[in-house]
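Remember, it's 1-based here, ligands and their atoms both numbered in the order they're listed. Just so you know, these numbers come straight off a predicted model, no measurement behind them.
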Amino acid sequence: MTDCLFCKIAAGEIPCNKVYEDEDFLAFNDINPKAPVHVLVIPKHHLASLNDADEQDVGLLGLLMDATRKVARELGVDNPGYRVILNVGKGGGQEVFHIHVHILGGKILPF
Ligand code: 5GP
Ligand code: ZN
């Protein structure tokens, strides 16, 4: 996608504070953090949202969760734990239409 902010970040065209990268996934600090640790995990492959996923994306979705687990462990928030948020569509508060998982942690989060 040529006009997608997170595709541009994944391509290195827009800078980010990278915390993790592998062949298929990238994680970087959220520009407007809502917790001491607030990281976004994205697939490099463009998928607009969970609503846009189909059977073909099941592997990517599983790997996205696996990358999230690895990033959380590398950030050291796996213990005592962290929150994973996936906003879906405008009604779910999604602002950037390139699927991404929020990792929030670094403190005991209120409900
Ligand atoms: P959403 O509401 O779509 O689930 O989350 C989008 C997130 O992306 C927001 O938390 C917002 O702060 C973050 N964000 C928006 N633009 C940028 C940017 O250019 N760089 C980074 N690092 N984060 C961004
Ligand atoms: Zn994209």
Side-chain angles (χ1 to χ4, degrees):
M1 283 279 286
T2 49
D3 201 25
C4 169
L5 174 63
F6 287 177
C7 279
K8 287 180 181 163
I9 287 178
E13 292 166 15
I14 291 177
C16 70
N17 276 314
K18 192 193 303 180
V19 300
Y20 174 89
E21 183 170 20
D22 65 27
E23 204 180 327
D24 299 315
F25 295 92
L26 179 69
F28 52 90
N29 288 322
D30 195 292
I31 206 166
N32 183 20
K34 302 284 194 319
V37 172
H38 187 173
V39 164
L40 304 175
V41 187
I42 67 166
K44 292 181 179 177
H45 171 78
H46 182 85
L47 173 64
S49 84
L50 189 62
N51 267 343
D52 296 282
D54 60 26
E55 299 283 314
Q56 306 242 347
D57 299 310
V58 167
L60 178 134
L61 293 173
L63 289 167
L64 177 59
M65 283 298 107
D66 194 48
T68 298
R69 179 187 60 77
K70 284 182 200 159
V71 172
R73 182 179 275 186
E74 286 195 9
L75 293 168
V77 294
D78 54 322
N79 193 1
Y82 55 96
R83 183 169 296 161
V84 164
I85 297 176
L86 178 55
N87 295 327
V88 185
K90 282 199 183 347
Q94 186 175 3
E95 291 175 355
V96 178
F97 282 80
H98 178 127
I99 196 168
H100 53 279
V101 168
H102 296 252
I103 296 176
L104 294 163
K107 67 173 186 179
I108 300 296
L109 295 163
F111 185 74

V37 reachable from L26 in the ILVMFWY side-chain graph, under 4.5 Å edges = no
Just do the side-chain contact (heavy atoms from CB on, under 4.5 Å) check on H100 and V41 with the steps written out, would you?
-> CA-CA 5 Å; H100 53 279; V41 187; over 6 Å; no
Atom pairs, nitrogen or oxygen, ligand 1 to protein, under 3.5 angstrom:
residue, atom, partner, partner atom, Å
ligand 1, 2 (O), G93, O, 2.8
ligand 1, 2 (O), E95, N, 3.3
ligand 1, 3 (O), E95, N, 2.6
ligand 1, 3 (O), V96, N, 2.9
ligand 1, 3 (O), H100, NE2, 3.1
ligand 1, 4 (O), N87, ND2, 2.9
ligand 1, 4 (O), H100, NE2, 2.8
ligand 1, 4 (O), H102, NE2, 2.8
ligand 1, 5 (O), H100, NE2, 3.0
ligand 1, 5 (O), H102, NE2, 3.2
ligand 1, 10 (O), D30, OD1, 3.2
ligand 1, 10 (O), D30, OD2, 2.5
ligand 1, 12 (O), D30, OD1, 2.5
ligand 1, 22 (N), N29, O, 2.9
ligand 1, 23 (N), I31, N, 3.3

Mind checking what makes side-chain hydrogen bond (donor to acceptor under 3.5 Å, both in side chains) contact with R73, not counting sequence neighbours?
-> none
Angle in degrees, rounded to 10°, that SG of C7 and SG of C4 form at the Zn ion (ligand 2) = 120°
Identity of the N, O or S atom of H98 lying closest to the Zn ion (ligand 2) | ND1
Of all the N, O or S atoms in H46, which one sits nearest to the Zn ion (ligand 2)?
-> ND1
Please state whether the rings of H38 and H102 are parallel, tilted or perpendicular, taking 30° and 60° as the class boundaries.
-> tilted
Sequence neighbours left out, what passes side-chain hydrogen bond (donor to acceptor under 3.5 Å, both in side chains) with S49? Give chain and number order.
-> D52
side-chain hydrogen bond (donor to acceptor under 3.5 Å, both in side chains) against K44, all qualifying residues, sequence neighbours excluded | E21
Is the closest side-chain heavy-atom distance between Q94 and L50 below 4.5 Å?
-> no
